[in-house]
Amino acid sequence: MQVDKTKRIFNSQLGTGFAALIFCAILSLLIWPIWSMVMKTVFIGIAGEGLNAAGPKLAAQLLGAMVEGSCFWMIVISWIVLTLGNGLYGKYKFTERQPWAGLWYTIFGWFFGMVAFFVLINFLGIWWKPFNLAIMFTPKTAEDVQLAFEGWEAANFYVLACIIVQAPLATLFHKWPFAGNAKAPTDGFGTMALGTLVTWIVWMALIVPSFFKLSIGEHLVVLQPFGSWPAFVAFCQAFIIFFIIPAEGGELYPMKLFAKKQPLMGIIGLIIALAAAFIVPPVLKSIVGPLNLVPGMPPDVVVASLELSVVVMIFAWHHLFDDFPSAQLVSNTAARVLLRAAIWFGGGAIYGVLWLKTFMKLPVGSNNMGMGFPTMGILAGQFVLLATVLFLNCYFDKWPFVRKQSVTSQQVVAKEVAR
């Protein structure tokens with residue numbers, strides 16, 4: 001009889017976590033320049049005529065938006081849908097051995113993200129010129145390049161709508177009403193369909209008005225949510241923090257204090273997260289504003305960046321450190337969750353300040369090292385490390401730090417006797 005055994009390079013949870021985190025940080029610094037340069041070359045080959053017609057500044061803006069969009073759609077959005085919505089269905093279709101299973105699913109995720117982009121954006125592009133694929137990919141004039149840039153900017157942040165809609169369906173509602181009423185992959189398809197519908201509405205209601213200055217005659221017909229894009233992003237990041245906590249180490253708290261069954265549990269979790277999203281950013285802004293952590297940077301951007309750092313910390317602690325401390329180390333649930341919370345917010349604050357002080361020097365931030373590749377900036381840059389962490393655990397099962405070995409039951413018994 002075959003038995004799956006897990007072998008760790010480091011015996012301790014913390015040792016594995018820190019080694020994996022350092023690995024992810026270094027890997028993200030190497031991956032982004034390569035990804036950015038490859039995608040830039042691809043898009044120059046496709047949109048060269050329009051880029052030549054536009055000025056250098058506008059051409060660089062469009063290329064930056066296109067490269068950023070390739071990351072968001074092929075990596076982040078695909079991870080959300082395939083992991084949170086579909087439970088990594090098909091990951092072991094060809095093999096359970098790593099890194100091959102992870103490589104297959106990574107390539108599949110890229111393909112899935114491209115298909116999702118072409119289907120969703122092309123549908124809207126039938127009537128909306130900025131989303132017309134011919135304009136977005138093959139602009140002919142400087143005016144086309146401007147339209148393409150606006151279209152890519154709005155399309156890229158479909159990712160934010162996807163995060164604040166599709167992720168809570170898994171973290172707060174646990175795929176209700178599909179989970180338990182349908183088997184995989186049907187439950188995943190149902191969650192994905194519902195999530196896509198609501199995401200589309202939220203994207204059109206909140207994201208598109210943030211980028212398009214639509215008017216009828218002299219009258220503007222849209223307003224920016226929260227008055228500015230940075231303020232809206234700060235709201236979203238606070239919302240994300242509190243809707244992922246129950247599933248990423250919070251052991252269903254705090255919503256479990258008020259309900260233990262769906263959909264009431266999810267509704268209460270959603271209310272808690274929304275309340276925190278309205279309260280936390282202005283409080284944090286009043287604290288960090290006078291500190292002037294990044295001279296000249298709008299306070300709302302700094303707040304959003306610090307909140308995103310906490311999000312990265314929560315995900316890293318869950319996926320790489322396996323929610324240390326475990327129940328074996330700390331038996332009291334309240335103490336265990338509160339200790340993790342101290343790690344999330346304390347570690348996130350330290351990492352957040354470190355990021356604010358160094359992102360201008362990093363290739364994932366704002367330093368292209370004289371090589372001319374588009375960078376991600378103060379906010380989007382953190383997604384590179386986050387995506388590396390999530391891929392390492394979810395797609396690659398923390399390989400090579402954690403490896404599964406198939407051994408016979410006789411071998412296991414013999415080894416235990418030898419001890």
Keeping the roles fixed (side chain from N132, backbone from A134), state whether a donor-acceptor pair exists under 3.5 Å.
yes
Quick one: list whatever passes ring pair (Phe, Tyr, Trp, His ring centres under 6.0 Å) with W100, sequence neighbours left out.
none
Donor-acceptor pair, distance only, cut-off 3.5 Å: does the side chain of Q61 make one with the backbone of A65?
no
Taking the basic N atoms (NZ, or NE/NH1/NH2) and the acidic carboxylate oxygens, is any pair closer than 4.0 Å for K91 and D397?
yes
Please find the pair of heavy atoms, one from L172 and one from M255, that lie closest to each other, and give the distance.
O-CE, 3.6 Å
With a 6.0 Å cut-off on the ring centroids, do F131 and F212 count as close?
yes
Determine whether the aromatic ring centres of residues F396 and F391 are separated by less than 6.0 angstrom.
no
Side chains of W79 and T83: do they bring a donor and an acceptor to under 3.5 Å?
yes
If the threshold is 4.0 Å, N to carboxylate O, is there a salt bridge linking E251 and R336?
yes
Would one find more than 12 heavy atoms of other residues, nucleotides or ligands at under 6.0 Å from atom NZ of K361?
no
Report yes or no: does K175 contribute a side-chain atom to a donor-acceptor pair with the main-chain N or O of G85 at less than 3.5 Å?
yes
I'd like to know if the side chain of R403 reaches the main chain of K7, judged simply by a donor and an acceptor atom lying under 3.5 Å from each other, with no hydrogens or angles considered.
no
Smallest separation among heavy atoms of G69 and N156, with atom names:
CA-OD1, 3.0 Å
So, F211 versus W229, ring centres under 6.0 angstrom or not?
yes
Whether T16 side chain and F10 backbone form a donor-acceptor pair below 3.5 Å:
yes
Aromatic ring pairing Y105/Y395, orientation class (parallel under 30°, perpendicular over 60°, tilted between):
perpendicular
With a 4.5 Å heavy-atom cut-off, do W344 and I244 have their side chains touching?
no
Do S309 and Q382 meet the criterion of a side-chain donor-acceptor pair at a distance under 3.5 Å?
yes
Is the distance between the ring centroids of F137 and F118 less than 6.0 Å?
yes
Using only heavy-atom distances, determine whether the side chains of S70 and W35 contain a donor-acceptor pair under 3.5 Å.
yes
Between W152 and M136 (side chain of the first, backbone of the second, donor and acceptor by atom type, cut-off under 3.5 Å), is there such a pair?
yes
Between S36 (side chain only) and P374 (backbone N and O only), is there a donor and an acceptor less than 3.5 Å apart?
yes
Can you tell me if K398 and N393 form a side-chain donor-acceptor pair at under 3.5 Å?
yes
Parallel, tilted or perpendicular: which describes the rings of F321 and W317, with under 30° parallel and over 60° perpendicular?
parallel
Got a sec, which pairs hit salt bridge (Lys or Arg N to Asp or Glu O under 4.0 Å) with one end in residues 275-298, sequence neighbours left out?
K285-D300
Euclidean distance, I378 CD1 relative to S366 OG, rounded to 0.5 Å:
7.5 Å
Proximity of W127 and F123 rings by center, below 6.0 Å:
yes
As an exercise, state the distance from CD1 of I268 to NZ of K260, rounded to the nearest 0.5 Å.
10.0 Å
Please report the shortest heavy-atom distance between A205 and P209, naming the atom on each side.
O-CG, 3.3 Å
Indicate the atoms forming the closest heavy-atom contact of F232 with L206, along with that distance.
CZ-CB, 3.8 Å
For a 4.5 angstrom cut-off between non-hydrogen side-chain atoms, does K129 reach I135?
yes
Please confirm whether the backbone N or O of P246 pairs with a side-chain atom of K256, one donor and one acceptor, at under 3.5 Å?
no
Say whether, by atom type as modelled, one donor and one acceptor occur between the side chain of N181 and the main chain of P177 under 3.5 angstrom.
yes
Quick one: does T171's side chain have a donor or acceptor within less than 3.5 Å of a partner on F243's backbone?
yes
Under the criterion side-chain contact (heavy atoms from CB on, under 4.5 Å), which of E68, M66, M74 is the partner of M39?
M74
Ring centres under 6.0 angstrom apart (Y158, F72):
no
